[in-house]
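Inspection log for the structure reproduced underneath, given as structure tokens.
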Amino acid sequence: MQVVALVNSKGGVGKSTGAINLAAAFAAAGRRTVLVDHDPRRGTASRWKKTAEENQHEQVPVIKVESGIVKVLQDLKEVYEIIVVDGPAYLDNANTTLIACADVVIIPIKPSQPDLWAVEAALGRIEERQIVTGGIPRVYFLLSQSHSDERVNALELEEIREFGHPVLKSQMVNRVNYHRTIKEGTTVLSLPESDKARKEVMAIYQELIS
């Protein structure tokens with residue numbers, strides 16, 4: 001696992017929040033990690049980097065890439081062990097190219113019917129590549145911005161499983177600390193070990209490396 005791409009053809013699903021915090025988790029574990037901002041319309045990761053620098057917070061390196069992602073990733077592989085990519089919040093050739101370069105694709109998805117409908121197009125592109133490559137990239141759904149009451153998520157979770165790809169057991173619940181830390185240019189890993197958001201990110205990290 002070297003290129004971990006978070007993709008979805010719909011915005012507002014927690015893709016950037018997941019990418020930023022997962023990159024921080026890999027870096028905290030001693031892995032040489034870089035975060036690639038490949039979402040030119042939103043550029044959340046780049047804005048987060050600027051905020052971190054303004055507040056003098058030391059964070060994982062961030063590189064903004066608007067085009068030529070294949071060559072950039074090839075060069076980064078010579079330097080970094082883990083490359084986390086925050087993909088575009090829409091489905092176009094850039095997202096398709098990113099899917100073709102990734103070892104692991106994480107699809108953050110909110111437990112709602114509109115999000116279930118929106119993910120179908122991205123899944124089609126991913127599955128086309130898997131047919132050619134014998135199952136690469138590995139694909140995982142990440143329930144994002146979920147409700148703290150599991151009963152609220154249960155019905156949508158069953159529908160997500162029907163897509164046929166694994167759903168990570170760990171989730172990113174809609175918590176204030178995700179929003180607050182991004183706004184401050186930090187991550188939930190800066191919070192105490194007892195913090196629920198921090199525990200969620202570390203649980204996702206542990207699932208991925210296992």
Side-chain angles (χ1 to χ4, degrees), residues 1-9 13-53 57-108 122 125-126 129-130 132-142 144 165-166 168 170 172 182 185-189 201-210:
M1 176 174 59
Q2 190 164 23
V3 178
V4 181
L6 283 84
V7 304
N8 197 310
S9 49
V13 296
K15 178 173 55 61
S16 297
T17 299
I20 289 168
N21 281 283
L22 279 176
F26 278 108
R31 309 291 293 273
R32 295 192 309 278
T33 305
V34 63
L35 174 60
V36 174
D37 181 353
H38 193 43
D39 188 358
R41 292 189 186 178
R42 293 178 180 268
T44 302
S46 295
R47 293 181 182 182
W48 171 79
K49 174 190 176 184
K50 182 179 179 181
T51 303
E53 291 172 344
H57 296 312
E58 184 176 348
Q59 296 294 347
V60 62
V62 179
I63 297 174
K64 187 173 181 62
V65 180
E66 295 189 3
S67 61
I69 188 69
V70 176
K71 179 64 166 60
V72 171
L73 291 178
Q74 287 174 344
D75 292 342
L76 290 176
K77 285 180 179 181
E78 299 296 322
V79 181
Y80 294 98
E81 295 178 75
I82 300 293
I83 305 165
V84 179
V85 186
D86 182 14
Y90 46 89
L91 190 64
D92 65 355
N93 290 335
N95 223 335
T96 303
T97 303
L98 174 57
I99 290 168
C101 297
D103 302 302
V104 174
V105 168
I106 299 174
I107 305 176
R125 301 287 180 90
I126 292 168
R129 189 201 170 202
Q130 287 180 322
V132 175
T133 61
I136 300 172
R138 287 173 288 164
V139 179
Y140 301 96
F141 281 106
L142 168 61
S144 175
H165 296 285
L168 294 173
S170 308
M172 290 178 64
I182 293 291
T186 61
T187 70
V188 296
L189 268 74
V201 169
M202 292 310 299
I204 295 166
Y205 164 77
Q206 291 293 339
E207 272 196 79
L208 290 174
I209 65 170
S210 66

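Each residue takes its place number in the sequence, starting with 1.
In terms of modelled atom types and a separation under 3.5 Å, the side chain of K15 and the main chain of G87 share a donor-acceptor contact. Here the side chain of T33 pairs a donor or acceptor atom with the backbone of R31 at under 3.5 angstrom. Looking at N8, its side chain never comes within 3.5 Å of a backbone N or O of I107 through a donor-acceptor pair. For the pair Q130 (side chain) and P137 (backbone), a donor-acceptor distance under 3.5 Å is present. At distances below 3.5 Å, at least one donor-acceptor pair connects side-chain atoms of K49 with backbone N or O atoms of V62. A side-chain donor-acceptor contact under 3.5 Å links D103 to the backbone of Q2. Using a distance-only test at 3.5 Å, with no hydrogens or angles considered, no donor-acceptor pair links the side chain of W48 to the main chain of G43.
Here the shortest heavy-atom pairing between V36 and I69 reads CG1-CD1, 4.2 Å. When all heavy atoms of Q59 and A52 are compared, the closest pair comes out as CG-CB, 3.8 Å. Contact record, H38 with V65: ND1-O, 2.8 Å, taken as the closest heavy-atom pair. Across A28 and L189, no two heavy atoms sit closer than the pair CB-CD2, 3.6 Å. In plain terms, the two heavy atoms of D39 and D37 that are nearest each other are N-OD1, 3.1 Å. Among all heavy-atom pairs drawn from P88 and L98, the shortest one is CD-CD2, 4.3 Å.
With respect to F26, the side chain to side chain contact (heavy atoms under 4.5 Å, CB included) criterion is satisfied by exactly one of I209, L35, V60, I83: I209.
For the pair N21/Y205, no side-chain contact is recorded, criterion being any heavy-atom separation below 4.5 Å from C-beta on. Annotation: side chain of K77 is not in contact with side chain of Q74 (no heavy-atom distance under 4.5 Å). Using a 4.5 Å heavy-atom threshold, the side chains of V34 and V79 count as separate. For the pair D86/I20, no side-chain contact is recorded, criterion being any heavy-atom separation below 4.5 Å from C-beta on. At least one side-chain heavy atom of V85 sits less than 4.5 Å from a side-chain heavy atom of L73.
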- Go through the steps for I106 and L208 under the test side-chain contact (heavy atoms from CB on, under 4.5 Å), then give the verdict. CA-CA 10 Å; I106 299 174; L208 290 174; 3.7 Å; yes
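At most 12 heavy atoms of other shown residues, nucleotides or ligands fall within 6.0 angstrom of atom NZ in K50.
Here the CD1 atom belonging to I99 is positioned 14.5 Å from the CD1 atom belonging to I136, to the nearest 0.5 angstrom.
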